[in-house]
Amino acid sequence: KAVSSLRNQGYGIVSTPRRGHRLDTLTDCPLAAEVQPLLTTEYLGHAWVYEPTMASTNARATQLAQAGAPGGLVVVADTQTRGRGRLQRSWLSPAGGSLLVSAILRPRIAPVRVPQISLVAAVAVRRALNQAVPDLHPVLKWPNDVWAGGRKLAGILCEMDAELDRVHHVVVGLGLNVAIQDTDFPEDLRAKATSILAQTGRRIGRPALLAGVLNELEKALDEWLAAADLTPFLGELGEGSPLDGHRIGVEQLGSVTEGTAAGVAPDGRLRLRTDAGTVILIGSGDVHVLVPPSEGCKDRSSGCLPRSD
């Protein structure tokens, strides 16, 4: 039964009559037994929940947090049936193709600082990718995306439970496309989404990659908690940004504010330089890179605001 259970988890085990069993290959599933030996963290990932199929890792982590689960607990799935990103958008997650993970945090901070955690997590993911896949060259797109090759590679979704003066918990969710072929994406996403495999042609082991992400996330969180704001991360947030210097539109509650992206402020808000030359700070919104009329768009209502996420 034990050998059968291991095979069902993806381990390659060869059995020979009267000689026993031999482990030939490890699983690529992000199981605790595969990831935890690679962790250098003090608290993140030491408690672990894994299921092959889950509706949503963020939803499960939220339930566990509300039931009193400790900070640092990690929830992982191989595939999700109701994965989601910002603004309740669905997240594609074929089995074996992604890292789908949520972590429970219980930081002692004012609720106003919580939105910065998405950017801290994005920096941590980029650092881990730079170590694991040096030729990938990922960049960060405000407020919560990691891009590669001009397309979305990963998304981060943070959800919190807080009162006016205290944070009860924060759930940090990550969906990272690892081994999804271009042809596996729906046709309407192929120009927008990508994976490590699609960008590099190489398969990267998910357990080691997840361990790297968790190691970098704890270090980045400690660095952020020791600072007053995002100042230590501003250089990395702006390096190769697909927004900085471009004319963008920020959609909020049905209206669009246009201007030139001018980096991220220390408090995590997007700096937008208006046509009048003033800089305003944007705390949230759906960001689009505006296509200039010279590229063939005559009517902004019919395509000059292509979704960049």
Side-chain angles (χ1 to χ4, degrees), residues 30 32 34-49 57-58 61 65 69-76 99-110 113-148 153-160 167 169-176 178 196 204-241 264-268:
E34 298 287 340
V35 179
Q36 287 179 331
L38 305 176
L39 293 178
T40 59
T41 58
E42 293 186 4
Y43 66 92
L44 196 56
H46 290 251
W48 201 273
V49 173
T57 60
N58 256 38
L73 183 141
V74 168
V75 177
V76 187
L99 280 181
L100 307 167
V101 55
S102 298
I104 297 173
L105 306 178
R106 296 191 181 276
R108 296 182 178 180
I109 58 172
R113 289 195 70 184
V114 170
Q116 299 175 22
I117 293 178
S118 291
L119 295 170
V120 175
V123 168
V125 171
R126 182 173 183 259
R127 289 175 178 177
L129 288 170
N130 282 336
Q131 293 177 22
V133 201
D135 57 336
L136 182 63
H137 308 301
V139 297
L140 305 179
K141 174 183 173 288
W142 186 91
N144 68 328
D145 290 348
V146 181
W147 278 26
L153 177 72
I156 295 162
L157 177 63
C158 289
E159 298 175 302
M160 74 170 172
V167 174
H169 71 257
V170 179
V171 170
V172 181
L174 167 68
L176 170 59
V178 179
I196 295 174
I204 302 298
R206 291 186 296 161
L209 181 58
L210 178 51
V213 169
L214 295 176
N215 290 336
E216 292 298 333
L217 178 57
E218 183 172 293
K219 287 190 290 186
L221 286 169
D222 288 345
E223 185 179 358
W224 172 69
L225 288 170
D229 50 32
L230 289 168
T231 297
F233 305 95
L234 294 181
E236 291 171 275
L237 289 169
E239 187 176 354
S241 167
V264 177
D267 66 359

Val213 and Leu174: side chain to side chain contact (heavy atoms under 4.5 Å, CB included), yes or no, with the steps? CA-CA 10 Å; Val213 169; Leu174 167 68; 4.0 Å; yes
[X] vs [Y] side-chain heavy atoms within contact, under 4.5 Å:
| X | Y | value |
| --- | --- | --- |
| Trp224 | Val123 | no |
| Leu136 | Leu153 | yes |
| Val35 | Trp48 | yes |
| Leu129 | Leu176 | yes |
| His46 | Thr41 | yes |
| Asn58 | Glu159 | yes |
| Val74 | Ser102 | no |
| Leu140 | Phe233 | no |

Measuring from atom [atom1] of [X] to atom [atom2] of [Y], what distance do you get when rounded to the nearest 0.5 angstrom?
| X | Y | atom1 | atom2 | answer |
| --- | --- | --- | --- | --- |
| Arg113 | Leu225 | CZ | CG | 6.5 Å |
| Ile196 | Asp135 | CD1 | CG | 10.0 Å |
| Asp222 | Glu42 | CG | CD | 7.0 Å |
| Glu216 | Asn130 | CD | CG | 9.5 Å |
| Leu73 | Arg106 | CG | CZ | 9.5 Å |

Whether Arg126 engages the ring of Trp147 as a cation-pi pair (distance to the six-membered ring centre under 6.0 angstrom, angle to the ring normal within 45°) should be assessed.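 Ring-cation test returns no.
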side-chain hydrogen bond (donor to acceptor under 3.5 Å, both in side chains) between Gln116 and Asp267: does it pass, once the steps are laid out? CA-CA 7 Å; Gln116 299 175 22; Asp267 66 359; over 6 Å; no
Short question: side chain of [X], backbone of [Y] - any donor-acceptor pair under 3.5 Å?
| X | Y | value |
| --- | --- | --- |
| Gln36 | Gly45 | yes |
| Asn215 | Ala211 | yes |
| Asn144 | Ser118 | no |
| Trp142 | Gly268 | yes |

If you compare all heavy atoms of [X] against all heavy atoms of [Y], which two are closest, and at what distance to 0.1 Å?
| X | Y | result |
| --- | --- | --- |
| Ile204 | Ala132 | CD1-O, 4.4 Å |
| Val167 | Val114 | CG2-CG2, 3.7 Å |
| Ala32 | Pro37 | O-CD, 3.7 Å |
| Ala124 | Ala220 | CB-CB, 4.1 Å |
| Ile117 | Cys158 | CG2-SG, 4.0 Å |
| Ala121 | Val172 | CB-CG1, 4.0 Å |

If we check side-chain contact (heavy atoms from CB on, under 4.5 Å) with Val76, which of these qualifies: Thr57, Leu99, Val49, Val101?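 Among the candidates, only Val101 passes.
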Charged N to carboxylate O below 4.0 Å: is that the case for Glu218 and Arg127?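 Result for this pair is no, no salt bridge flagged.
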